[in-house]
There are 2 protein chains.
Amino acid sequence: MSPRRRDTEGAAAARAARRTELLGTAAEVFAERGYAATTVREVADAAGMLGGSLYYHFDSKESMIDEILSGFLTALWRDYDAVLARGGGAERTLRGLVTASFQAIDRDRAAVVLYQNEAKHLAPNPRFGYLAESRARFRDMWVGLLEQGSRDGSFRADLDAPVVYRFIRDTVWLAAGWYRPGGRLGADEVAQQYLALVLEGIRGH
Amino acid sequence: MSPRRRDTEGAAAARAARRTELLGTAAEVFAERGYAATTVREVADAAGMLGGSLYYHFDSKESMIDEILSGFLTALWRDYDAVLARGGGAERTLRGLVTASFQAIDRDRAAVVLYQNEAKHLAPNPRFGYLAESRARFRDMWVGLLEQGSRDGSFRADLDAPVVYRFIRDTVWLAAGWYRPGGRLGADEVAQQYLALVLEGIRGH
DNA sequence: TACCCTACCAAACACTTGTTAGAAAACAGG
DNA sequence: CCTGTTTTCTAACAAGTGTTTGGTAGGGTA
């Protein structure tokens with residue numbers, strides 16, 4: 001490998017690192033004030049630069065949230081697929097999926113908030129077609145898991161499947177609205193509490 | 001009562017009715033596209049008029065969502081207070097509150113969606129101070145109910161109270177994201193399903 | 001018919017928005 | 001110290017924003 005080649009590679013890596021850094025602060029500002037209500041000047045300000053300077057790194061405001069969301073979903077599905085590949089029964093899979101979700105919240109809370117709040121409004125845009133794809137995969141995954149669990153007795157069989165699916169799907173992401181890393185409970189502990197609620201309910205026994 | 005007086009009263013009533021009608025379509029557009037991303041011209045278009053004409057009825061775009069949200073919360077707390085006044089044990093109260101919430105979704109879905117999506121961003125504005133007040137009342141109501149239920153054995157006592165509170169609080173509004181009046185299930189039926197989930201969990205017994 | 005008031009339109013306003021183009025700084029390697 | 005490259009700034013643009021002002025159609029009232 002020529003030194004020339006190593007240089008351009010190092011430069012490319014540095015540029016990618018700076019992009020990731022900027023995307024992180026952009027995600028936080030977008031999550032805090034809402035994507036549409038956030039100005040590129042506000043994002044730039046949080047990053048310590050002027051509005052126009054962002055366009056050296058990104059094509060547009062839209063491409064920023066695009067990269068944030070697609071990166072988030074890619075990482076998330078990597079984790080989900082690992083859980084699914086592990087196998088081991090419906091309850092174990094459910095525990096794994098919920099735990100992975102809470103770890104995602106712990107790892108990149110802003111992206112989760114953004115996904116929750118903005119995905120619905122962005123989805124109609126063809127550029128964000130992967131959002132609808134991901135949602136379909138979500139549905140298939142959860143419905144399949146619930147059906148399997150109902151058949152083998154892991155879960156109750158007398159619940160309305162579509163309602164339960166939506167309940168689980170949405171429930172998983174709720175904590176992103178209030179969870180703060182470094183608080184009283186860690187991600188895995190909150191996941192435990194949620195799993196206890198979803199599996200056993202709140203009624204006294 | 002003079003005829004003159006009756007006239008002005010009739011006119012005032014007609015004007016109020018028109019305002020309510022316009023607020024209904026505004027709520028739908030805001031809920032569909034997001035408040036910040038929605039243009040007053042889009043609201044006016046949905047109402048069959050031009051952008052500026054809205055300012056005959058309302059001071060500003062902000063006063064529209066203000067009126068939508070405050071009206072929604074007023075009606076909601078009227079229902080909640082009725083349930084609380086009825087008394088009758090923790091589980092009965094919980095059932096009443098959840099049912100009332102789903103009826104609110106059924107009655108004014110757009111307002112619920114708006115409340116869910118925009119409240120957090122509007123709350124810092126002093127004009128929307130009632131949002132924080134309402135949230136505090138929510139918290140006190142649910143925490144009190146959960147503690148009471150844990151004491152008298154209606155609910156389990158081994159769950160983390162703050163986590164359960166947030167779980168219940170958010171769970172109640174989730175259906176607003178997908179529920180459509182006139183669908184397969186009515187509001188009371190969806191409430192039943194949700195209550196079964198929250199109370200008993202999904203595990204097979 | 002003449003009047004008036006309600007509800008809307010037409011057209012503009014000041015300002016903010018995302019975005020761009022060129023200049024200047026910061027920084028590297030020789 | 002020079003030179004080329006990377007990154008940021010300056011300054012502006014065109015389009016779109018919430019909002020205002022003055023006009024006007026139309027229906028009820030005298």
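Every chain is numbered from 1 and lettered A, B, ... according to where its sequence line falls, protein lines coming before strand lines. Computed from a prediction, not measured in an experiment: that's the story for all the values here.
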Kindly say if A:His57 contacts the phosphate of D:dT6, meaning a side-chain N or O under 4.0 Å from OP1 or OP2.
no

Integer-rounded Å distance: D:dT7 C1' and A:Leu54 CG
12 Å

Hits for side-chain hydrogen bond (donor to acceptor under 3.5 Å, both in side chains) against B:Arg18, two or more places apart or cross-chain, chain-then-number order -> B:Glu21

Rounded distance in Å - CZ (B:Arg19) to P (C:dT6):
15 Å

Measure CZ/A:Phe30 against C1'/C:dT17 and give the value in whole Å, please.
13 Å

By side-chain hydrogen bond (donor to acceptor under 3.5 Å, both in side chains), A:Trp178 pairs with (sequence neighbours left out) none

Protein heavy-atom contacts under 4.0 Å, written 5' to 3' over nucleotides 13-20 of chain D as B (base), S (sugar-phosphate only) or - (none), form the string ----BBBB

Listed partners of A:Asp108 passing side-chain hydrogen bond (donor to acceptor under 3.5 Å, both in side chains), at least two apart
none

Rounded distance in Å - CG (A:Leu50) to P (D:dT10):
6 Å

At under 4.0 Å, does any side-chain N or O of B:Tyr56 touch on OP1 or OP2 of C:dC8?
no

Residues pairing under ring-ring contact (aromatic ring centres under 6.0 Å, His included) where one sits in residues 44-73 of chain B, two or more places apart or in two chains, turn out to be B:Phe72-B:Tyr115

For A:Phe58 and D:dT6, give me the distance from atom CZ to atom P, rounded to whole Å.
17 Å

Interatomic distance where CG belongs to A:Asp45 and P belongs to C:dT17 [whole Å]
12 Å

side-chain hydrogen bond (donor to acceptor under 3.5 Å, both in side chains) involving A:Arg166 - partner list, sequence neighbours excluded
none

Between B:Arg137 and B:Asp81, does at least one N-O distance fall below 4.0 Å, as a salt bridge requires?
yes

